[in-house]
**Q** 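I'd like to ask you about the structure that follows.
In what follows, residues are counted from 1 in the order of the sequence shown. Hydrogens, waters and symmetry mates play no part in the numbers below; they use all other heavy atoms, side chains included.
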Amino acid sequence: MSTKQQLRQLIRQRRKSVSSSDSEKILSLLRSHPRIVSAQAILLYHALPDEVPTQDLLDELVAQHKTVLLPRVVSDTEMELRQYTSPADLTTGAFGIMEPVGEVYDSFSAIDVVVVPGMAFDRSGHRLGRGRGYYDRFLSRIPTIYKIGVCFPWQIVDEVPTDSHDVLMDEVIG
């Protein structure tokens, strides 16, 4: 088994240009996912260049009158949630990630599903993040929420090394 650092290096080497066909297949699976279809409040992410792009999905979900939430980094260890209503809600935040400037959202128990990006996943639901632990710390506060890990097929590996604080995904789409 490789270390987390070694796996991150491997994924960076595997990184390919984002294929629109891969993206569309994954987004189609998300759009039709029963948990997304039935959800009223969804925590998503605004994609970095090497992540499955979410902008169109964000706008579609808003048009369906769903509460769409995005994370905003507020310190070296914490992120908060803000409501997303349109691209006008976004500004460049920590690490060059587009972050929301909308209303702070703290009704965590009302969130039906969370879609989580990662550098790598395995089929058992283990996730390798970028190494800062934001999602693990946040998701540990709402352990019963349904978690869908999302990635490109080349980001799925046989085994992701884990630590006791790592939060397991309920499902991985990639």
**Q** Minimum heavy-atom separation for Val157 and Leu7, please, with both atom names.
**A** CG1-CD1, 3.9 Å
**Q** Evaluate the side-chain proximity of Leu139 to Val116: yes if any heavy-atom separation is below 4.5 Å, no if none is.
**A** yes
**Q** Spell out, as yes or no, whether a donor-acceptor pair under 3.5 Å connects the side chain of Glu78 to the backbone of Ser75.
**A** no
**Q** What's the separation between atom CE in Met79 and atom OH in Tyr134, rounded to the nearest 0.5 Å?
**A** 9.5 Å
**Q** Please answer: with hydrophobic residues joined when any side-chain heavy atoms are less than 4.5 Å apart, are Leu128 and Leu10 in the same cluster?
**A** yes
**Q** Hey, is the main chain of Glu24 close enough, under 3.5 Å, to the side chain of Ser28 for a donor-acceptor pair?
**A** no
**Q** Can you tell me how far the CG atom of Asp170 sits from the CZ atom of Arg35, to the nearest 0.5 Å?
**A** 7.0 Å
**Q** For residues 93-112, dump all side-chain donor-acceptor pairs below 3.5 Å to protein atoms at least two apart in sequence or in another chain.
**A**
residue	atom	partner	partner atom	Å
Glu99	OE2	Val73	N	3.0
Asp112	OD2	Gln40	N	2.7
Asp112	OD2	Ala41	N	2.9

**Q** If you measure from CG on Leu30 to CG on Leu44, what distance do you get to the nearest 0.5 Å?
**A** 7.5 Å
**Q** Roughly how far apart are Lys147 NZ and Glu171 CD, rounded to 0.5 Å?
**A** 11.5 Å
**Q** Between Ala39 and Ile42, which heavy-atom pair has the shortest distance, and what is it?
**A** CB-CG1, 3.5 Å
**Q** Determine whether Gln64 and Leu61 satisfy the following criterion, side chain to side chain contact (heavy atoms under 4.5 Å, CB included), listing intermediate values before the conclusion.
**A** CA-CA 5 Å; Gln64 295 170 19; Leu61 295 171; 3.8 Å; yes
**Q** Restricting to non-hydrogen atoms, name the atom on Pro117 and the atom on Glu51 that form the minimum distance, rounded to 0.1 Å.
**A** CB-OE2, 3.6 Å
**Q** To the closest 0.5 Å, what do you measure between CG (Leu58) and CG (Leu90)?
**A** 7.5 Å
**Q** Within the 4.5 Å heavy-atom criterion, are Ile36 and Tyr146 side-chain neighbours or not?
**A** no
**Q** By side-chain hydrogen bond (donor to acceptor under 3.5 Å, both in side chains), which residues pair with Lys4, not counting sequence neighbours?
**A** Asp163, Asp166
**Q** Are the side chain of Arg8 and the backbone of Ala120 linked by a donor-acceptor contact shorter than 3.5 Å?
**A** no
**Q** Working to the nearest 0.5 angstrom, can you tell me the gap between Thr54 OG1 and Leu70 CG?
**A** 7.0 Å
**Q** Are Leu168 and Val160 connected, step by step, through hydrophobic side chains (Ile, Leu, Val, Met, Phe, Trp, Tyr) whose heavy atoms are closer than 4.5 Å?
**A** no
**Q** Where do His33 and Val113 land on the side chain to side chain contact (heavy atoms under 4.5 Å, CB included) test, with the steps shown first?
**A** CA-CA 11 Å; His33 193 287; Val113 63; over 6 Å; no
**Q** Would you say Val167 and Ile142 are hydrophobically clustered, going by side-chain heavy atoms of ILVMFWY under 4.5 Å?
**A** yes
**Q** Do Trp154 and Met169 share a hydrophobic cluster (ILVMFWY, side-chain heavy atoms under 4.5 Å, transitive)?
**A** yes
**Q** Testing the basics here: between Val150 and Tyr45, what is the closest heavy-atom pair and its distance to 0.1 Å?
**A** CG1-OH, 3.9 Å
**Q** Does the side chain of Arg127 come within less than 4.5 Å of Tyr135's, by heavy atoms?
**A** yes
**Q** Would the number of heavy atoms belonging to other residues, nucleotides or ligands and lying under 6.0 Å from CZ of Arg132 be above 12?
**A** no
**Q** For Asp56, is there any backbone N or O sitting under 3.5 Å from a side-chain donor or acceptor partner on Asp59?
**A** no
**Q** For a 4.5 angstrom cut-off between non-hydrogen side-chain atoms, does Leu43 reach Pro71?
**A** yes
**Q** May I ask you to test the Arg72-Thr91 pair for a side-chain heavy-atom distance under 4.5 Å?
**A** yes
**Q** Quick one: does Ser124's side chain have a donor or acceptor within less than 3.5 Å of a partner on His126's backbone?
**A** no
**Q** Would you mind reporting whether His165 and Ser140 have side-chain heavy atoms less than 4.5 Å apart?
**A** no
**Q** Do the side chains of Lys66 and Glu60 get close enough for a salt bridge, i.e. N-O under 4.0 angstrom?
**A** no
**Q** Backbone N or O of Met119 within a donor-acceptor pair of the Gln155 side chain at under 3.5 Å?
**A** yes
**Q** Could you check whether atom NE2 of His65 has more than 12 heavy atoms from other residues, nucleotides or ligands sitting under 6.0 Å from it?
**A** no
**Q** What closest approach, in Å, do Ala47 and Pro53 show between heavy atoms, and which atom pair accounts for it?
**A** CB-CA, 3.7 Å
**Q** Would you call Leu48 and Arg130 a side-chain contact if the rule is heavy atoms closer than 4.5 Å?
**A** yes
**Q** Less than 4.5 Å apart, side chain to side chain, heavy atoms only: is that true for Cys151 and Ile156?
**A** yes
